[in-house]
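No experiment lies behind these values; they were computed from the predicted model shown. The first residue in the sequence is number 1, and the count goes up from there.
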Amino acid sequence: MIQITPQMRILVAIAPADFRCGIDGLARVCKDVLKADPFSGWVFVFRNRTATAVKLLVYDGQGFWLCHKRLSSARFCWWPTAEDSATKSLAAHEIQVLLSAGNPKGMQAAPSWRSVGPLD
């Protein structure tokens with residue numbers, strides 16, 4: 001079973017992907033379009049053109065996981081936009097919100113890291 005931990009790097013592909021692609025096709029998109037190594041252990045997140053489904057591609061050291069979630073009656077309302085990059089990085093708690101068809105940038109959560117102040 002795959003578990004997304006806070007230590008994992010999560011990259012969301014901004015452009016929609018062709019969902020006829022399987023593991024090999026999405027790994028090629030990681031290399032050619034996203035300029036990332038699909039064997040790195042990062043979580044790669046792709047969306048279809050109609051925003052009704054997402055796919056996650058992860059390499060766990062032994063093989064690839066390809067997870068597919070399709071919404072039954074809604075669309076993924078939030079998706080990152082292009083800012084001179086093909087990807088957007090998300091935190092582990094943000095991907096959980098995204099997979100629930102929510103807006104990870106509109107949620108209220110504690111920061112991932114904060115200074116505890118000077119030690120005396």
Are any of the side-chain heavy atoms of [X] and [Y] separated by less than 4.5 Å?
X   : Y   : result
I4  : Q96 : yes
L56 : L99 : yes
F64 : V58 : no
V45 : I10 : yes

In short, salt bridge (charged side-chain N to carboxylate O under 4.0 Å, His left out) pairs touching residues 42-64 with sequence neighbours left out are none
Does [X] share a hydrophobic cluster with [Y], counting links as ILVMFWY side-chain heavy atoms below 4.5 Å and allowing steps through other members?
X   : Y   : result
I95 : V43 : yes
V12 : V54 : yes
Y59 : M8  : no

Indicate every side-chain donor-acceptor pair of residues 29-41 with a distance under 3.5 Å to a residue at least two apart or in another chain.
| from | atom 1 | to | atom 2 | distance (Å) |
| --- | --- | --- | --- | --- |
| K35 | NZ | D32 | O | 2.6 |
| D37 | OD1 | F39 | N | 3.1 |
| S40 | OG | D37 | O | 2.8 |
| S40 | OG | W42 | N | 3.3 |

Cut-off 3.5 Å, no hydrogens considered: what does the side-chain donor-acceptor table look like for residues 17-28, sequence neighbours left out?
| from | atom 1 | to | atom 2 | distance (Å) |
| --- | --- | --- | --- | --- |
| D18 | OD1 | R20 | N | 3.1 |
| D18 | OD1 | R20 | NE | 3.0 |
| D18 | OD2 | R20 | NE | 3.3 |
| D18 | OD2 | R20 | NH2 | 3.0 |

Which pairs of donor and acceptor atoms, one on a side chain in residues 73-80, lie under 3.5 Å apart (sequence neighbours left out)?
| from | atom 1 | to | atom 2 | distance (Å) |
| --- | --- | --- | --- | --- |
| R75 | NH1 | T50 | O | 2.4 |
| W79 | NE1 | A13 | O | 3.0 |
| W79 | NE1 | I14 | O | 3.4 |

So, the side chain of E94 versus the backbone of A91: is there a donor-acceptor pair under 3.5 Å, distance only?
yes
**Request:** Using the test side chain to side chain donor-acceptor pair (under 3.5 Å), find all partners of Q7 that sit at least two apart in sequence or belong to another chain.
**Result:**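 T5.
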